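One structure is given below, encoded as C-alpha cells.
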Amino acid sequence: MTRLLRVAAVQVGRVDRSTPRSQVLARLISLLEQAARQQVKLAVFPETTFTTFFPRYWIEDDTEVASFFEKEPASGIADCAAVKPFFDKAKDLGVDVAIGYGEETPEGTRYNTASYVSNGQTVSKYRKIHLPGTFEPLRFLSSLTETHPTYYISGTFEPFSKEPGVTNQLEKKYFQPGNLGFKAFRAPSLRATCDGDKSPIVGQLICNDRRWAEGWRVYGLQGVEIMCIGYNTTAWAPQLWGIDPDLMTREAAYADAIFHHKLVCQAHAYTNSTFLITSARCGVDDGVHPLISGSMIVDPEGHIVAENKTEEDEVVVAEIDLDACQQGKNKTFAFAKHRRPEHYSAICDRAGVVEPEEP
Ligand code: CDT
C-alpha cells in the first residue's frame with residue numbers, strides 16, 4: 001500500500017526590520033497560491049515568518065519588540081486579526097499550514113511558536129524549547145560571564161569591532177522557553193488526501209531544536225512520520241559560531257552553516273524514520289544580515305528528495321509516500337526491539353557535561 005501526499009517547504013526571502021506585515025502577508029499568500037496550484041496539501045513555513053528575525057537586534061523600546069509578536073487569542077492564531085488573511089487563504093485553498101511566529105499570550109507571555117493549522121483551526125501548537133544565544137548583546141559578554149554562567153563561555157569577544165552589521169542572537173531575552181513539550185499529533189485532514197487508512201503523525205520543532213537529538217527522539221517514540229521545521233540560521237556570525245573571522249571567509253562560513261544544517265536534518269530524519277519538511281527564512285535582511293537557505297524535503301532514509309534553488313521566496317514541492325517510514329521503523333530503528341533506556345538516564349538527569357574522574 002502507498003500513502004501518497006504532496007507537501008511543500010515554503011522558503012521566504014529577505015524581510016527587513018522595517019518591512020510592513022501587510023507586505024509579508026501578500027508574499028505569503030502568493031506562495032500559498034503557488035503551492036495549491038501544485039496540489040500541495042501541507043505547506044511548512046519558516047520560523048518567525050510574519051516579520052524579520054528580530055532577535056538579532058538589541059531593542060530597548062518594548063513597543064518595537066511587541067510589534068514583532070502576534071497577540072494570539074485563546075481560539076488560536078488563525079483568529080488573530082493581524083495575520084488572519086493568510087489563514088483564510090489557506091482554508092480557501094484547502095492547504096494545511098505549519099508556520100512559525102512570535103506569540104504573545106493573552107497574559108502577555110512571549111514565545112517562539114509554530115502552529116499547525118487546518119481549515120482555520122489550530123490542530124497543534126509547539127513552543128520552541130532550545131532557545132539559542134544570550135540575554136544581553138555580545139559586546140557585554142565578558143562582563144556577564146559571572147552573572148549568567150550557564151549561558152556564557154568565559155573569555156572576551158569583540159565582534160563589534162570587526163563587523164559593523166553584527167548579528168546578535170537574543171532569543172533568551174525575547175522569549176520564554178517553550179512549555180508544551182514535544183507533542184506529536186494526527187493530521188486528519190491529510191488522511192483524506194493521502195491514500196491510506198490512518199492519519200499522518202506529525203511533529204514540530206523550531207530552528208535550533210533541529211540540532212538536538214533529544215526532541216527528535218521524543219517525536220520518534222510517538223511514531224512521527226512528518227517533521228515540520230522552520231528556521232532562521234545566520235550565515236555569518238563568527239561571534240556566535242565560535243569561528244575566527246580572520247581565518248574564515250563569508251563563503252566558507254555560509255557553506256559550513258549549510259553543511260551543519262543538512263547534517264543534523266538528514267541524520268535525525270533517518271534515525272527516527274520520518275520525513276522532514278524544513279523551510280528557511282533566507283536572504284540578506286536589511287542588506288547586512290545574511291541567513292542561509294537550504295529549504296528541503298528529506299525522506300526517512302535521510303535522502304534529500306527536493307531542495308531550494310534560490311535565495312528568495314520559493315515553493316519546494318515533493319510527493320512523498322508515508323509508508324516509506326515503515327522500513328526504518330520496523331528494521332534498523334525498531335525502537336521496542338533495540339533501544340536500551342535503562343542506560344540513557346544521564347540524558348534526563350542533567351543538562352551539562354560531567355567528565356569522568358582522572359585515574
Ligand atoms: N533561530 C535559531 O535558532 N538560530 C540558530 C542559530 C544558532 S547561533 C548559536 C540555529 O541553530 O540555526
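Both ligands and their constituent atoms are indexed starting at 1 by order of listing. The structure displayed is predicted, hence computed values, not measured ones.
Listed by number with element, the atoms of ligand 1 under 4.0 angstrom from any heavy atom of Cys207 are 1 (N), 2 (C), 3 (O), 4 (N), 5 (C), 10 (C), 12 (O). Using a 4.0 Å cut-off to heavy atoms of Arg211, the atoms of ligand 1 that qualify are 10 (C), 11 (O), 12 (O). Less than 4.0 angstrom separates some heavy atom of Thr233 from each of these atoms of ligand 1: 10 (C), 12 (O).
Only the side chain of Phe53 comes within 4.0 Å of ligand 1, counting heavy atoms alone; its backbone N, CA, C and O stay farther away. The side chain of Glu171, and not its backbone, has at least one atom closer than 4.0 Å to an atom of ligand 1 (non-hydrogen atoms only; side chain from C-beta on).
Within the structure, the closest approach of Asn232 to ligand 1 falls below 4.0 Å when heavy atoms are considered. Close to ligand 1: Lys128, with a non-hydrogen atom less than 4.0 angstrom away. At least one heavy atom of Pro132 sits less than 4.0 Å from an atom of ligand 1.
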Under the criterion side-chain contact (heavy atoms from CB on, under 4.5 Å), I'd like the reasoning laid out for Asp313 against Val12: C-alpha separation, chi angles, the key distance, then a yes or no.
CA-CA 4 Å; Asp313 291 4; Val12 178; 3.9 Å; yes
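With hydrogens and angles left out, the side-chain atoms of Ser199 and Arg3 include no donor and acceptor closer than 3.5 Å.
Residue Glu47 is tested with Lys128, Arg127, Arg281 for a salt bridge (charged side-chain N to carboxylate O under 4.0 Å, His left out); the sole match is Lys128.
By the 4.0 Å N-to-carboxylate-O rule, Glu103 lies too far from Lys71 to be salt-bridged with it. The pair Lys329-Glu225 fails the salt-bridge criterion, with no side-chain N (NZ, NE, NH1 or NH2) lying under 4.0 Å from an Asp/Glu carboxylate O. Salt bridge Arg14/Asp286: absent, no basic N to carboxylate O contact under 4.0 Å.
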